[in-house]
Amino acid sequence: MTAKVMAPMMKLGGIIKRIFSWGSVNPEEMEKLRLDFKERYAYFKQLISANNKALEIMADIERTLKGERPFGMSFVRSSATTVSANVFQMVKKLQQLAPGRYVGLIPRYDDIENKINWILNEKKQIRDAPLVIPLGSIDKDRVDLVGGKMANLGEIKKNIGLNVPSGFVITSSAYRRFIDHNHLSVEIARQMQLADLYDIENLYELQARLHQLIIESELPRELEDAISDAWRKMEAEAGSGATVAMRSSALGEDEESSSFAGLHLSELNVSADHVIDSYKEIIASKYSLQAITYRLNKGIKDEDIAMCVGCLVMVDAASGGVIYSRNPIDIHDDSVFINATWGLPIAVVDGSVDSDLFVVSREPPLKTIHQDIKEKNKKLVCYPLEGVCRVDLTEDDVRNQPSINEQQAVTLAQMAIRIEDHYGTPQDIEWAISKKGEIHILQSRPLLQMESLKQDLPEGFKAKQKETVILKGGITACPGAACGTVCTVDSGLDILEFPEGAMLLTREAHPRWASLLSRASGIITEHGSFAGHLASVAREFGLPALFSVSGALNKLNNGDQITLDATGRSIHKGRVEYLLNKAKQKECLMIGSPVHETLKAVSRHIIPLNLLEPDDPGFAPENCMTFHDITRFIHEKSVHEMFSFGEGRNFAERSSKQLHYQVPMQWWILNLDDGFIKEVREKYVKLENIASIPMLAFWEGFAAIPWDGPPPLDGKGFMSVVSQSSASTAMTRSLGPKYADRNYIMISKNYCNISSRIGYHFSTLEALVGDQRAENFVSFQFKGGAADSSRRFKRVNFIKSILEEHGFRVETKKDNLISRVEGHERGYMLERIKILGYLTLHTRQIDMIMTNSDKVDYYRSKIKNDIGKIISAPPGAGDS
Amino acid sequence: MNTLTTLFVDDEKDFLETILKRMKKRHVNAYGAESGEEALSLLAHTPVDVVVLDIRMPGMDGIETLKEIKKRLPLVEVILLTGHASLEAAREGMESGAFDFMMKPVNIDELLYKLQDAHKNKSIQESKIKHLESKLKR
């Protein structure tokens with residue numbers, strides 16, 4: 001054993017020797033000591049519990065960083081705050097245990113806290129920006145002021161020269177003024193923190209509360225003035241009595257990967273009387289169920305979304321729709337896709353009607369290469385004063401007539417190509433044709449294109465498909481295949497009942513169903529086109545979607561298991577494996593998202609562990625770089641402080657007893673609190689009198705199977721031991737024969753700290769096990785050995801692999817092993833402790849055979865068998 | 001240890017009602033107050049072991065209330081329980097003598113355990129004082 005390894009043992013040995021030695025104290029002083037000890041033990045326990053909580057949150061952060069499940073900024077903030085509060089608690093408790101020592105921890109804590117705060121409070125701020133700005137003076141460079149949607153529209157008007165309605169934008173600066181004026185941000189963050197974001201019912205209530213909060217808020221005076229000013233200027237241009245379309249233009253919206261399609265409100269045909277109310281409604285739509293869910297699933301920060309609102313003179317459209325400048329579901333297809341319907345284009349984007357499709361080839365001269373004219377049974381039109389309404393189309397010739405002519409289709413395609421050329425990326429464009437025949441561009445944003453999923457099913461499957469198919473046809477809104485149980489949704493309340501993994505079936509492809517996309521396996525609708533918002537969001541999430549399937553509501557019943565093949569446009573009975581095999585995995589959208597990046601940045605100041613070896617000179621407060629380092633340092637020192645209590649005052653003798661198990665054992669026990677069943681007056685404590693649940697479990701594992709004795713050595717292993725132990729005998733002798741092989745245990749009913757030296761290795765087990773599942777933990781450290789360093793390292797890794805098999809998290813560095821398991825119920829924890837008890841004895845001296853693979857295999861299988869026996873054994877005394 | 005008496009201070013009535021009910025089910029004596037001011041006037045005539053305080057409240061906020069409690073009744077332990085995730089607030093609270101800082105929503109058993117810890121601290125301090133007093137008398 002090297003001197004380095006021995007150092008802490010000597011230190012601890014010395015301290016323990018002093019504590020456990022005999023001496024006389026007067027009763028007065030004894031009572032004082034007893035009280036002090038009780039107090040220290042309470043602090044110590046609180047410190048351990050804070051340590052445990054901090055480590056638990058750290059483990060949670062690490063799991064969350066894998067990005068397998070969505071999380072929001074409230075998770076980031078509350079985890080950082082909880083870790084920080086618990087680490088501070090540890091700092092405080094250590095100071096109570098050892099006043100005036102370790103003060104170097106405070107500047108380290110401050111520094112780490114500041115760094116985390118700096119990351120969490122970063123804000124983009126534009127100062128002195130206008131509250132309202134005319135659309136004519138906007139271009140794409142003003143995106144931070146007006147949001148992506150309006151910046152693009154301004155760009156199209158100003159720099160491409162296409163026809164865009166006139167109007168103005170209520171800016172991000174206005175939004176912030178509104179939020180600050182009503183002190184909304186703290187209240188919203190608090191409400192979000194309290195809600196369970198994974199529980200849809202909870203989200204539903206959250207949405208209602210936040211909506212109410214925003215609607216009841218007031219606009220600051222200067223903002224109201226700015227809006228009415230802009231309105232007057234707009235009327236001067238467009239004529240009095242003009243109405244507007246109010247469109248949300250959130251900052252962070254309209255990026256290619258985050259469309260926010262249709263998640264925020266737009267209000268059509270709004271008159272001067274209601275512009276303020278509508279403004280607040282649009283702001284509130286930032287907290288609609290679908291918007292919250294969307295941000296959560298994509299890792300977008302709530303506070304990053306500033307809601308700008310565009311007010312554009314209303315176009316009373318004869319027809320309207322959406323252009324995709326390329327095929328969204330086939331990246332190799334460069335034709336222009338135009339969806340059109342009678343009346344306002346909103347009917348296309350909200351999926352409420354079936355729309356005509358014109359496919360225009362890009363090769364000059366542009367011409368329509370495909371058209372699909374649907375039966376359009378209704379349209380949306382403006383009321384004369386305010387609002388929009390649905391009108392049924394009754395005349396056959398109108399219902400079945402194309403909503404635009406071929407010339408118009410070609411003109412629209414030309415415009416789409418111009419916009420695409422200007423931006424250099426495919427575009428998703430909303431347009432309207434006025435009753436006078438003028439084309440207006442209402443919106444343009446980048447289009448997400450998908451790789452086409454071509455199906456080449458072997459011949460055999462085609463015949464097989466006929467047996468299972470229920471429905472064929474429809475429009476592929478997002479390719480892919482999925483299996484699920486049918487669940488029909490009709491009203492908003494159905495959202496609450498929607499089971500995880502079900503197949504969403506609904507009449508119209510309305511964007512409000514977007515809130516279910518993270519839970520559904522696929523979507524089927526009777527109406528709607530691939531140009532709607534729901535389709536855009538489905539593609540973003542990679543969720544198979546088949547729209548406009550006639551008869552779907554009739555043919556499919558709730559509870560039926562079906563397989564949706566959105567690529568092959570068919571729906572099948574049961575689970576059809578060969579179709580599903582082709583399907584792509586749902587992607588995880590968290591990695592790389594702003595929320596994920598923030599958690600990653602914060603975790604760098606929390607999680608990495610730099611301090612490992614307590615006997616290293618670098619194991620000092622000033623080297624604590626992370627909260628984890630601080631917890632590690634404090635934990636180590638607190639155990640030390642507990643042991644060193646009463647040093648020189650001969651305190652612990654009244655409570656330290658030698659364990660009697662069949663015969664007196666080399667185990668000395670310090671009862672911290674309620675670790676004995678009844679008070680012990682004599683020198684020995686019998687095992688039957690031990691109340692400590694974790695210690696009994698340890699002992700059970702320790703004593704379960706007798707040790708076979710040292711492993712037979714091969715020549716090299718033997719030489720290695722001889723050369724090492726000549727160094728270590730000297731060390732052992734210096735401790736004095738009496739203490740060389742003693743083991744020490746501190747116990748209470750639910751706690752134990754066991755320092756043992758068995759053979760040549762040194763191990764510490766600490767455990768808290770009670771009915772508080774969240775408080776439970778076991779930590780185990782192991783180091784040393786008699787063989788040379790390479791064999792010792794191998795043994796440590798050997799133990800690591802065994803512990804990992806049993807659910808421990810293990811870190812190793814050289815011959816030092818630290819492992820932990822926490823948060824499980826009592827029975828599980830006690831089994832882990834039994835395993836550690838067993839290993840404490842049975843890993844004795846096996847470092848010597850670590851280079852002999854046959855022997856390693858022998859021990860691996862022996863240990864595996866033994867552990868199997870131990871943990872399947874009926875519960876012992878400690879398990880009651 | 002004598003039975004534990006607690007006081008919950010929160011301006012959110014629903015929360016207060018629920019938590020008081022849940023405490024009573026667990027045989028914990030629990031009072032409620034809807035503001036820092038109300039809490040202080042209750043403490044003036046009712047013995048309480050542990051106060052559980054919200055941070056953001058209209059009128060006197062949690063930190064002010066905490067400081068006032070520690071000034072008037074230094075032995076009473078205070079746990080901060082809040083939906084307001086802020087490292088600064090946690091730090092300030094703990095420095096001003098709070099026993100601990102917890103985030104809402106809180107696991108009820110975890111809270112109960114914390115209450116017992118705080119109560120234990122208070123009892124130890126009280127017996128130390130008693131010991132000191134009896135020594136002085138002699």
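Below, chains carry the letters A, B, ... as their sequence lines are ordered, and counting in each starts from 1.
We find the CZ-CG distance between B:F101 and A:N86 to be 10.0 Å, quoted to the nearest 0.5 Å. We find the CD1-CG distance between B:I129 and A:L35 to be 11.5 Å, quoted to the nearest 0.5 Å. We find the CG-NZ distance between A:D36 and B:K128 to be 4.5 Å, quoted to the nearest 0.5 Å. Between B:L87 atom CG and A:L120 atom CG the span is 6.5 Å, to the nearest 0.5 Å.
The ring-ring contact (aromatic ring centres under 6.0 Å, His included) search around A:Y41 returns none, not counting sequence neighbours. Scored by the side-chain hydrogen bond (donor to acceptor under 3.5 Å, both in side chains) test, A:D111 finds A:R108, A:K115 as partners (sequence neighbours excluded). For A:Y102, the ring-ring contact (aromatic ring centres under 6.0 Å, His included) test picks out A:F633, with sequence neighbours left out.
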Inset, instruction - Could you give me the CA-CA distance, side-chain angles and deciding distance for B:K120 and A:E39, then say whether salt bridge (Lys or Arg N to Asp or Glu O under 4.0 Å) is met? - result: CA-CA 9 Å; B:K120 190 161 189 182; A:E39 182 185 21; over 6 Å; no

Inset, instruction - Check step by step if salt bridge (Lys or Arg N to Asp or Glu O under 4.0 Å) holds for A:K92 and B:E95. - result: CA-CA 9 Å; A:K92 221 169 100 174; B:E95 275 185 339; over 6 Å; no

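For chain A, the nearby part of B:A98 is the backbone; its heavy atoms alone come within less than 4.5 Å. Looking at B:F15, there are no atoms closer than 4.5 Å to chain A (heavy atoms on both sides), in backbone or side chain. Heavy atoms of B:Q125 lying under 4.5 Å from chain A belong exclusively to its side chain. Neither the backbone nor the side chain of A:S74 comes within less than 4.5 Å of any heavy atom in chain B. With a 4.5 angstrom heavy-atom cutoff, B:A85 touches chain A via backbone and side-chain atoms both. Contacts between B:S86 and chain A at a heavy-atom distance below 4.5 Å involve the backbone alone (N, CA, C, O). With a threshold of 4.5 angstrom between heavy atoms, A:S78 approaches chain B through its backbone and through its side chain.
Note: B:R91 leads B:M103, B:R91, B:E110, B:E88 in heavy-atom pairs under 4.5 Å with chain A. Counting heavy-atom pairs closer than 4.5 Å to chain B, the top-ranked of the candidates A:D196, A:T82, A:V186 is A:V186. Ranked by heavy-atom pairs under 4.5 Å with chain B, the first of A:R77, A:K53, A:E113, A:K45 is A:E113. Between chain A and the residues B:K104, B:M102, B:K114, B:H84, the largest count of heavy-atom pairs under 4.5 Å involves B:K104.
Atom CD of A:E218 has 12 or fewer neighbouring heavy atoms from other residues, nucleotides or ligands inside a 6.0 Å radius.
Within residues 20-48 of chain B, no residue has any heavy atom under 4.5 Å from a heavy atom of chain A.
Salt bridge status for B:R56 with A:E187: absent, with no side-chain N to carboxylate O gap under 4.0 Å.
Side chain of A:Q46 to backbone of B:N121: no donor-acceptor contact under 3.5 angstrom is found.
Annotation for A:L194 and B:G83: closest pair CD2-CA, 4.0 Å, computed over non-hydrogen atoms.
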